[in-house]
Amino acid sequence: MTNFNRSTLPDAVRSNGATPNPWWANAVVYQIYPRSFQDSNGDGIGDLKGITSRLDYLADLGVDVLWLSPVFKSPQDDNGYDISDYQDIDPLFGTMADMDELLAEAHKRGLKVIMDLVVNHTSDEHAWFQASRDKNDPHADWYWWRPAKPGHEPGTPGAEPNQWGSYFGGSAWEYDPKRGEYFFHQYSKKQPDLNWENPEVRKAVYKMMNWWMDRGIDGFRMDVITQVSKTVDENGKLPGEDGCEIEDYPVGEEGYSSPFPWCSDGPRIDEFLAEMRREVFEGREGYMNVGEAPGITPARNEHVTDPKNGELDMLFLFDHVGIDQEGSKWNTVPFEVKNLRARLADQQEAVKNAGWASLFFCNHDQPRVVSRWGNDTDRESRELSAKAFGMLLHMHRGTPYIYEGEELGMTNAHFTTLEQYRDLESINAYRQRVEEAKCQSAESMMAALALIGRDNARTPMQWDASRYAGFTAPDAATEPWIGVNPNHVEINAAEEFDDPGSVYSFYKKLIAMRHNNATIATGEWNLVAADSEQVYSFTRTSGDDTILVIVNLTDKTAQVPAEVAQLLEDGVGESQVLLSTYDAVHSVKSVARGELARWEGVVIQL
């Protein structure tokens with residue numbers, strides 16, 4: 001284990017309740033979406049050799065952990081989140097030798113590597129699923145197979161076992177003529193859900209995870225892991241299924257009911273996660289495991305991440321990234337500071353005594369925060385709002401996650417036609433809502449896709465101002481798999497690398513503060529001025545050391561809240577300003593006037 005970029009937190013400092021403090025308590029994670037990060041062979045798709053070629057950039061940025069979105073063998077129906085072989089690398093990304101080289105080179109630079117693992121479901125092309133299509137095969141019960149509804153012809157409309165809809169559009173049930181039954185899929189019909197009720201499934205998953213850990217990876221980020229336990233009645237029937245004792249919820253505007261309440265944070269999830277900890281991680285050192293956690297509340301996060309319960313180190317909660325959606329994901333509403341503050345405050349308060357928080361605004365499923373809640377209409381607004389949201393996130397208590405390009409202030413794609421999108425969820429949602437259910441207009445759906453569609457995060461990494469942004473060679477025979485954002489000419493790593501005022505340089509400072517300031521890494525978090533419409537403020541305290549964070553999350557000048565002004569009644573000197581989205585002189589004057597400029601954020605040593 002290395003402390004390449006970080007100082008070691010002394011045991012006198014408390015993080016998640018474990019002793020000694022886990023190494024990741026003052027670490028920063030960087031997520032890589034491999035197909036969009038760096039193309040080394042000119043085929044238009046990023047790959048492992050491309051990632052290896054950029055490790056010096058990541059080491060210089062100062063991050064500690066690289067999280068790779070899936071690179072396993074896959075038909076790529078959902079960009080690799082449909083795995084057909086857990087113990088092989090997809091040729092799109094390279095070979096197992098390339099993976100071993102990436103691990104070795106990352107470790108040389110003090111960077112850990114965690115892999116994105118999808119074990120709620122597999123690809124329908126996985127050998128396990130193909131075997132399960134035979135009722136007499138040992139794998140027959142490895143997935144959620146059900147017969148047609150009594151009195152209905154199998155494979156015809158209305159014969160599905162219940163009325164559940166997929167999150168990717170259409171029914172959550174797909175008829176398989178070979179087996180003569182339906183299989184359940186929360187996501188794409190090419191992503192059948194594994195049946196974790198079967199202990200043989202769990203054994204096979206843990207064996208595979210151990211294989212990877214033994215190979216030298218440093219842990220996993222586990223996709224929708226809190227959906228592996230389903231709610232069933234005493235007879236193993238799912239809600240809404242014929243003869244089930246549990247009544248399903250009514251259908252919604254798209255013509256289906258949702259499996260979400262029955263498949264998220266299910267009755268056996270704690271049991272399964274504790275079993276995984278024992279079977280895979282117990283006895284190992286230097287690893288981390290984080291779970292994507294649909295349906296998990298902040299209170300439940302405390303339980304799952306409390307070390308004494310032996311489950312996961314961290315979870316990704318989603319309540320704060322739903323604040324601009326109402327009812328449907330695609331029905332967007334304006335951003336309000338008070339809503340973000342309320343959700344993040346709940347998350348912080350829940351892990352005050354034990355457990356840990358994951359801090360993120362962006363990832364491969366979320367749009368770019370600078371376009372979503374900031375202002376990307378001009379350079380000054382974009383840079384200021386990118387810094388404001390970066391400061392806000394990184395000054396909270398927990399482990400921050402940076403999504404590739406976030407450190408540059410990369411923006412949404414600003415696509416204008418459906419043909420520009422590649423994301424299965426977005427394309428299916430348009431067809432489902434606009435063309436089939438007719439519950440949303442084409443105009444509002446396209447606006448929603450432009451604001452929160454997943455492809456906004458998936459345009460190629462912007463390395464330089466060349467034709468394809470340095471993602472692939474400017475004379476490459478094959479264009480990138482998805483369009484390069486035209487603004488890469490202004491927003492790119494080469495432009496920002498040596499600019500002390502750039503978003504990139506600002507992120508380097510945020511990361512260094514996390515590494516070297518124990519109060520920022522683990523100190524108590526306390527909200528200040530809970531009612532401000534524009535300003536989000538809080539303190540971080542460790543013993544006698546107190547740091548005040550004030551951020552104006554709007555495009556307009558804001559008054560410093562009275563509660564904050566009271567803490568600053570003795571005035572603020574330049575030496576007390578640890579970081580500003582403008583500069584120390586500007587922020588000292590702002591505080592003296594009792595107001596913050598648009599997107600002004602300042603970290604003050606009290």
Side-chain angles (χ1 to χ4, degrees), residues 1-6 16 22-35 37 46 48 51-52 54-55 58-59 61-72 80-81 83 86-87 89-90 93-94 96 98-120 205-206 208-226 273 276-277 279-282 284-293 304-305 311-316 356-360 362-365 398-404 406 511 514:
M1 186 176 76
T2 178
N3 292 314
F4 187 73
N5 290 312
R6 294 168 295 109
N16 67 332
W23 63 268
W24 39 256
N26 65 335
V28 178
V29 184
Y30 188 95
Q31 183 190 357
I32 291 173
Y33 196 66
R35 64 168 47 230
F37 195 63
L48 294 172
I51 298 169
T52 302
R54 295 293 188 178
L55 290 175
L58 295 164
L61 180 60
V63 297
D64 308 282
V65 185
L66 308 182
W67 150 26
L68 306 184
S69 281
V71 292
F72 307 99
Y81 284 85
I83 298 170
Y86 287 108
Q87 291 175 235
I89 300 296
D90 195 280
F93 303 121
M96 192 62 79
D98 295 335
M99 183 68 203
D100 290 340
E101 180 190 24
L102 170 57
L103 279 173
E105 291 299 317
H107 289 161
K108 273 186 201 173
R109 291 163 175 80
L111 298 166
K112 291 177 177 286
V113 179
I114 65 172
M115 294 185 75
D116 206 327
L117 184 66
V118 191
V119 288
N120 172 72
V205 167
Y206 305 151
M208 171 268 297
M209 293 173 73
N210 274 303
W211 184 87
W212 275 108
M213 293 295 290
D214 292 343
R215 200 171 187 99
I217 70 164
D218 302 295
F220 297 97
R221 176 270 186 188
M222 287 169 270
D223 189 66
V224 297
I225 193 65
T226 54
L273 294 177
M276 178 191 290
R277 184 86 171 207
E279 296 297 324
V280 180
F281 299 108
E282 216 162 76
R284 299 184 187 273
E285 291 183 1
Y287 68 87
M288 66 177 273
N289 55 46
V290 54
E292 186 186 27
V304 174
T305 63
E311 296 187 32
L312 296 178
D313 296 328
M314 280 172 264
L315 291 174
F316 290 117
W356 200 241
S358 295
L359 308 173
F360 77 98
C362 303
N363 62 33
H364 64 290
D365 285 335
T399 296
Y401 288 73
I402 298 170
Y403 179 71
E404 64 178 40
E406 188 176 356
I511 295 165
R514 168 78 37 174

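The analysis underlying the following values was restricted to heavy atoms, covering all of them including side chains, and did not include hydrogens, waters or symmetry mates.
- With hydrogens and angles left out, the side-chain atoms of Asp313 and Trp356 include no donor and acceptor closer than 3.5 Å.
- Residues Asn289 and Met276 have side chains not in contact (no heavy-atom distance under 4.5 Å, counting atoms from C-beta outward).
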Would Ile89 and Asp98 count as a side chain to side chain contact (heavy atoms under 4.5 Å, CB included) here? Give the steps. CA-CA 9 Å; Ile89 300 296; Asp98 295 335; over 6 Å; no

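- Here CD1 of Ile32 is found 12.0 Å from CG of Asp116. Values are rounded to the nearest 0.5 Å.
- Leu66 contributes atom CG, which lies 12.5 Å from atom CD1 of Ile217 (distance to the nearest 0.5 angstrom).
- For Ala293, the side-chain contact (heavy atoms from CB on, under 4.5 Å) partners two or more places apart in sequence, or in a different chain, are Thr226, Ile296, Leu315, Leu317.
- To the nearest 0.5 Å, atoms CH2 (Trp211) and CD (Gln87) are separated by 5.0 Å.
- Annotation: side chain of Met209 is in contact with side chain of Met222 (closest heavy-atom distance under 4.5 Å).
- Taking both residues in full, the closest heavy atoms of Gly80 and Pro70 are given as O-CB, 3.2 Å, listed atom of the first, atom of the second, then distance.
- Counting heavy atoms from C-beta on, the side chains of Glu101 and Leu48 never come closer than 4.5 Å.
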Apply the test side chain to side chain contact (heavy atoms under 4.5 Å, CB included) to residues Leu102 and Leu55: give CA-CA distance (whole Å), side-chain angles for both, the deciding distance (0.1 Å), then the verdict. CA-CA 9 Å; Leu102 170 57; Leu55 290 175; 4.0 Å; yes

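- Side chain of Glu292 to backbone of Asp223: no donor-acceptor contact under 3.5 angstrom is found.
- Counting only heavy atoms from C-beta outward, the side chains of Val113 and Leu68 approach each other to under 4.5 Å.
- For Glu105, the salt bridge (charged side-chain N to carboxylate O under 4.0 Å, His left out) partners at least two apart in sequence or on another chain are Lys108, Arg109.
- Inter-residue side-chain proximity for Leu117 and Met208 is flagged as met; some heavy-atom pair is nearer than 4.5 Å.
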Evaluate ring-ring contact (aromatic ring centres under 6.0 Å, His included) for Phe360 paired with Trp67, printing each intermediate quantity in order. CA-CA 13 Å; Phe360 77 98; Trp67 150 26; 8.6 Å; no

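- By the 30° and 60° cut-offs, the orientation of the rings of His364 relative to Tyr33 is parallel.
- Side-chain atoms of Val29 and Met288, non-hydrogen and from C-beta on, do get closer than 4.5 Å to each other.
- To the nearest 0.5 angstrom, Phe316 atom CZ is 9.5 Å from Leu359 atom CG.
- Under the 6.0 Å distance and 45° angle rule, Lys112 counts as a cation-pi partner of Trp23.
- For the atom pair CZ (Phe220) and CD1 (Ile114), the distance works out to 10.0 Å, reported to the nearest 0.5 Å.
- For the pair Arg514 (side chain) and Asn26 (backbone), a donor-acceptor distance under 3.5 Å is absent.
- When every heavy atom of Gln31 is checked against every heavy atom of Ser69, the shortest pair comes out as NE2-OG, 3.1 Å.
- Considering only heavy atoms from C-beta on, Asn16 stays 4.5 Å or farther from Met314 through its side chain.
- Between Asp214 and Arg284 a salt bridge is recorded (basic side-chain N to carboxylate O distance below 4.0 Å).
- At distances below 3.5 Å, not a single donor-acceptor pair connects side-chain atoms of Ser358 with backbone N or O atoms of Val290.
- Looking at heavy atoms from C-beta onward, Met115 lies out of side-chain contact with Arg215 at the 4.5 angstrom threshold.
- Taking all atoms of both residues into account, the shortest heavy-atom contact from Ile51 to Pro34 is CD1-CB, 4.1 Å.
- Contact detail for Phe93 and Gly46: the closest heavy-atom pair is CD2-O, 3.3 Å.
- Residues satisfying the ring-ring contact (aromatic ring centres under 6.0 Å, His included) criterion with Tyr403, sequence neighbours excluded, are absent altogether.
- Note: Leu61 CG to Tyr30 OH = 7.0 Å, rounded to the nearest 0.5 Å.
- In this pair, Tyr86 and Phe72 present their aromatic rings perpendicular. The plane angle is above 60°, beyond the 30 to 60° band.
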